[in-house]
Each structure stands twice: as C-alpha cells, then as structure tokens.
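Reviewing the structure listed below.
Numbered from 1 within each chain, the chains take letters A, B, ... in sequence-line order. Treat the numbers as computed from the prediction; the structure is a model and nothing was measured.
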Amino acid sequence: MLQVTFIRENKELVIERLEKRSIDATKMINDVIDFDEDRRRIQAELDNTLAESNTLSKEIGDLYKSGQAQKANLLKEKSGKLKEASKELSESLNAKTEALNQLLYKIPNIPNELVPSGNSELDNEEIFKAGDIPVLHENAQPHWELAKKYDIIDFELGNKITGAGFPVYKGKGARLQRALIAYFLDKNTAAGYTEYQLPHLVNEASGFGTGQLPDKEGQMYHVTEDNLYLIPTAEVPGTNIFRDVVLSESELPIGITGYTPCFRREAGSYGAHVRGLNRLHQFDKVEILRVEHPKRSHEALDEMVNHVKSILDELKLPYRILRLCAGDLGFTSTLTYDFEVFSTAQDRWLEISSVSNFETFQANRLKLRFKNSEGKNELAHTLNGSSLALPRVLAGILENYQTKEGIVIPEALQPYTGFNIID
RNA sequence: GGAGAAAUGGCAGAGCGGUCGAAUGCGGCAGUCUUGAAAACUGUUGAGGGUCACACCUCCGGGGGUUCGAAUCCCUCUUUCUCCGCCA
C-alpha cells in the first residue's frame, strides 16, 4: 500500500508512473487526496472536541471534590453533548478512514523508472541470456513423457489421491527433489541468508500484510474451519516475520531463506501449457527474502539477481532474465526480474524465479520499520525472490539433460543425489 | 478437549475510578570521576497523529459497554502459563 503522505507530496509523479500500468490513476489519486484531507479535517475536529471534553471532566472532578455537586451536575449536561458530538465525529472518521483504505488497497505499487512500458509479456525486456540450448537426440521427449518413462513422477497417482496438479514424486524423482531443495538452501545460506522453517498456513493478518488479501483471495486455499490460508509462497509467512516490528538500523540488512511447499488454486488455468510440471496446485519452492535500508534496496535487488544467476550457471541450464514491463509487473512490486529456463523439448521458456523489490509497499501494510539515524521510525524496504521454484527447474533438467542413456544429473547436484544418471 | 491464572513501556514489575503516559529496578543514552575502562554518582529515556514550533489528541493484548471521567468496573474475543485428558 502506498503511503498517503508520499502521494500527497508527489502527486504528479505517482500518477505518471501508475499510468504506465495502463490504469486511470488521475481519479484514484485525486480521490485519495480528497479523502485524506477530509479525514484529517475530521480528525482535527474530533481532537478538539475530545480536548474540550477532557478539560470538562477534570473540572467536574474538581467541583465534586470541593463539594459543589450542583455546579458539577450542570457541567455534566454539557459533557453529554460533547460526548454525542465526539461519537458522531469518530464514526465519520472511521468511515472516512475505511473508505480511504479501501481506495489505497486497490492502488498498485509505483513502477520503477527502469520498468519498460507495455501491456503484456511480449513487452518484457530481455536483459540477459546464458547457457547453451542443447541439441537433443532425435527421440527427445517433453518432461512429462520422461517422467513416465523413468517412473519418477506419477501424475495419475496424484490425481487419484488428491486431484489434478498434485503430482507424486517417486524413487530417483523424489530424491532429486530433495537434492534440489538441499542444494538451493546450501547456496543461499552460503550467500548469507539465514535458513528458516516456516508455517505452511497463515492467518488473515498475514495474508493481508503481504498483499494476498483482500483482493487475491481466490488464489489461496482457505481452511474455513480455522480461518487459515495455505501459503501460496514462503513470501507470506517469511515477510510476516516482520509484521509490526521496529528494527534498529544496525540489524539491517536481513536475509532469510526457506523451503516450503506452495499451494495455489490457479482457478481458471487449463490447457496444454499447464501440462506436466508447468503449472501445479502444489509445488516446492526455496525462497530468499530481504529486509533492506531504503538507500540500498536496489543494490540488494541486483545482488539477488546475481545470486540466482550463479545457481543457474552452476546447474548449466539455458536461461534468460527479463525485466518485467509495467503491464506484467505484480501488484505489489516496483521492479521485477523474471528468470526463465528454456524447455528444449517444449520449445518454450518457463518461469523459474521472480525477484522483486517492493520498496515500502509491503512494509507500509506490515508496519515494518527501522529506527533511522535521526531516531525516527522509517519504513524499511522488502524484497524477495525464488531460488528456485522446483518443478520447472526439474522440467528443465529432465528435458535439457536427457540422453539416449538416460537423464544425466548436473555435476553440482550429484553430491546431493548420490547418483549421476536416471535410467 | 476440561479446570484455573494471567496479559501494563526494550525487559522485569507496581498501579484506591479523577492528581497515571503510568512507581520502582534493569537495560539504553549523555555527563562527572578515570590515562582508558569498570564501579559509583547525576541527568535523560515509550509509540503514533498533529503543529513552523508549541498546544492538543490517541495508545496499558483486540473489540464493545458502564461513567462527567477507566490501566483500574462489566461483557466478549485472542494469546500465554499451570493442572488434567489425548497425541506425532
């Protein structure tokens, strides 16, 4: 959520940047400013009424003490009127604040100046590409065929146990998953991230804190009995560690990594491009997450991008990095880099990581602040990224490393799998 | 799941319905002393809003109520602790 004071002080900039997202920002922003003015006016009125009422109460107390009950009773009437007035004022203040908030919840983050304009993924800017696309043998297959051939992932079984989108990994497939998780976590902790194991269900306040609620409710599985949500990403429990927290400046920067399964309803996505591991209801992901000083959050974003790069380089997978255009940029993000691995057998790119800087957008909702050098509380910046999402990395490995003899395990992973080929 | 107790400032811990934004201790910060440090002593030290700055307003787990007036009384929710039961 954007800060009202920032909107007030940078109205033109905010409108201009938001319009890159092809939304009509002028009215929204004007409304915010109007509502905020109203809100502050009512607040001031209420404050004055309360102040009057407070002094009156003191006077009444004094009168009682000095035995002047009659005079006191007279003042009580006046006090009653003030009370009514303050009740009305506080009701209209609440209504106004609520209206303002509802408005603010609907306004996405302001795209960074680097964000290219554009409406669809076609306008994303490719900024980097690495790794050779292998020349596969004649009978090369997509990963879902390979999974079946080597009996390492069973989609039908998952279908039986739960439903579509809940695959069962077995044998070397299961081991490869575990190896990837361990490998990613090791890379991340070596880079300075502290490993966490986080809850897989979150409450409403947490869903709100990272921006999934109230709008993207339909994307999460909801356990209505206990009013909890299955996490769609470790970002939710991970970032909410810092909800309502005031850090000292010396605690920054903070880096966290964690493995969690992720649950997504993916309502409405069907068709060929969701085949196999391409899009699932449950998948595994290792996440990295940072809390940064506003002055160096963009430097931190670059560091995260380089970190993810180093992992993909080591795995020797063909990948590219995209700078997302305004139209493709997530609601809460100000700048996002997507990593895509090339799926050779499908002849298409698969998103395997998304690294974003949210600046103060989440922090404002979370009330995540640090005490700056002037002793004032200041919103911190939050960032996160996947390192990495497992299924598509797995798809990438299966397809790009397939040989007539079997699936060769990337060298960096072999210490973790304990085998070097799936055959 | 059953029974009981509790929730106060960074922490610990007081708090007759008005003089309580809140005693006291610890911690933090500044100073005195010291070559320096420690100890001791002195002062200072919650958060948010508002203002050029004051004033002023709000906050004692959350929400609601009683009262002219609530940290203090009532209702309710949540959380924590103790005991019992169940259990990976």
Next on the checklist: Both L75(A) and N94(A) contact RNA chain B. Which one's nearest nucleotide lies toward the 5' end?
Outcome noted: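 Of the two residues, N94(A) wins.
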Checklist entry - Considering heavy-atom distances to RNA chain B, does G80(A) or K87(A) have its closest nucleotide positioned more toward the 5' end? => result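 Result of the comparison: K87(A).
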Watson-Crick/G-U partner (both atom distances under 3.5 Å) of [N]:
N      : answer
C52(B) : none
C83(B) : G2(B)
G31(B) : C41(B)
G17(B) : none
A7(B)  : U78(B)
U66(B) : none
C59(B) : G46(B)
A12(B) : U24(B)

Item to check | Partner set under ring pair (Phe, Tyr, Trp, His ring centres under 6.0 Å) for Y416(A), not counting sequence neighbours | outcome: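 Testing Y416(A) for ring pair (Phe, Tyr, Trp, His ring centres under 6.0 Å), a comparison that skips the adjacent residues, returns Y183(A).
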Next on the checklist: Tell me every residue that passes ring pair (Phe, Tyr, Trp, His ring centres under 6.0 Å) with F361(A), counting only those two or more places apart in sequence or in another chain.
Outcome noted: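 Residues passing ring pair (Phe, Tyr, Trp, His ring centres under 6.0 Å) with F361(A): F331(A).
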Next on the checklist: Using a 4.0 Å cut-off to any heavy atom of chain A, which nucleotides of RNA chain B are the first and last in contact, reading 5' to 3'?
Outcome noted: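 So the contact region on RNA chain B extends G18(B) to G69(B).
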Which part of the nucleic acid does [X] contact within heavy-atom distance under 4.0 Å: base, sugar-phosphate only, or nothing?
X       : value
K83(A)  : base
D62(A)  : nothing
K371(A) : sugar-phosphate

Checklist entry - Can you tell me if N109(A) and S333(A) form a side-chain donor-acceptor pair at under 3.5 Å? => result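 The answer is no; no qualifying pair exists.
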When rounded to the nearest Å, what value does the distance between [atom1] atoms of [N] and [M] take?
N      : M      : atom1 : value
G65(B) : U51(B) : P     : 29 Å
A7(B)  : A14(B) : C1'   : 15 Å
U58(B) : G69(B) : P     : 12 Å
C73(B) : U67(B) : C1'   : 10 Å
C20(B) : C29(B) : P     : 30 Å
U72(B) : A22(B) : C1'   : 12 Å
G21(B) : A71(B) : C1'   : 10 Å
G64(B) : C86(B) : C1'   : 36 Å

Next on the checklist: Could you work out, with side chain to side chain contact (heavy atoms under 4.5 Å, CB included) as the rule, every residue matching S343(A), not counting sequence neighbours?
Outcome noted: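 Side chain to side chain contact (heavy atoms under 4.5 Å, CB included) list for S343(A), sorted by chain: Q346(A), L350(A), E399(A).
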Checklist entry - Can you find a pair of side-chain heavy atoms, one from K148(A) and one from F155(A), that are under 4.5 Å apart? => result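 Counting from C-beta outward, K148(A) and F155(A) never come under 4.5 Å.
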Item to check | Contact summary for P111(A) and K20(A), nearest pair of heavy atoms | outcome: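 Residues P111(A) and K20(A), closest heavy atoms: CG-CB, 4.5 Å.
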Give the table of side-chain donor-acceptor pairs shorter than 3.5 Å for residues 194-203 of chain A, with sequence neighbours excluded, one pair per line with atom names and distance.
{"residue": "N203(A)", "atom": "OD1", "partner": "A205(A)", "partner atom": "N", "Å": "3.3"}
{"residue": "N203(A)", "atom": "OD1", "partner": "S206(A)", "partner atom": "N", "Å": "3.0"}
{"residue": "N203(A)", "atom": "OD1", "partner": "S206(A)", "partner atom": "OG", "Å": "3.1"}

Item to check | Selection: residues 41-57 of chain A, any non-hydrogen atom under 4.0 Å of RNA chain B | outcome: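 Close to the strand are D47(A), L50(A), A51(A), N54(A), S57(A).
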Checklist entry - Going through the distances and angles, do K295(A) and E378(A) end up as a salt bridge (Lys or Arg N to Asp or Glu O under 4.0 Å)? => result CA-CA 12 Å; K295(A) 283 204 180 95; E378(A) 186 178 338; over 6 Å; no
Checklist entry - Which residues satisfy the salt bridge (charged side-chain N to carboxylate O under 4.0 Å, His left out) test with E125(A), sequence neighbours excluded? => result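 Per chain and number, E125(A) pairs via salt bridge (charged side-chain N to carboxylate O under 4.0 Å, His left out) with R323(A).
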Next on the checklist: Listing request: all ring-ring contact (aromatic ring centres under 6.0 Å, His included) pairs with a residue in residues 16-40 of chain A, at least two apart in sequence or in separate chains.
Outcome noted: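 For residues 16-40 of chain A, and leaving out neighbouring residues, there are no ring-ring contact (aromatic ring centres under 6.0 Å, His included) pairs at all.
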Next on the checklist: For residues 202-240 of chain A, which residue pairs pass the ring-ring contact (aromatic ring centres under 6.0 Å, His included) check, not counting sequence neighbours?
Outcome noted: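 As it turns out, the ring-ring contact (aromatic ring centres under 6.0 Å, His included) pairs with a partner in residues 202-240 of chain A, which skip direct neighbours, are Y105(A)-F208(A), H222(A)-Y229(A).
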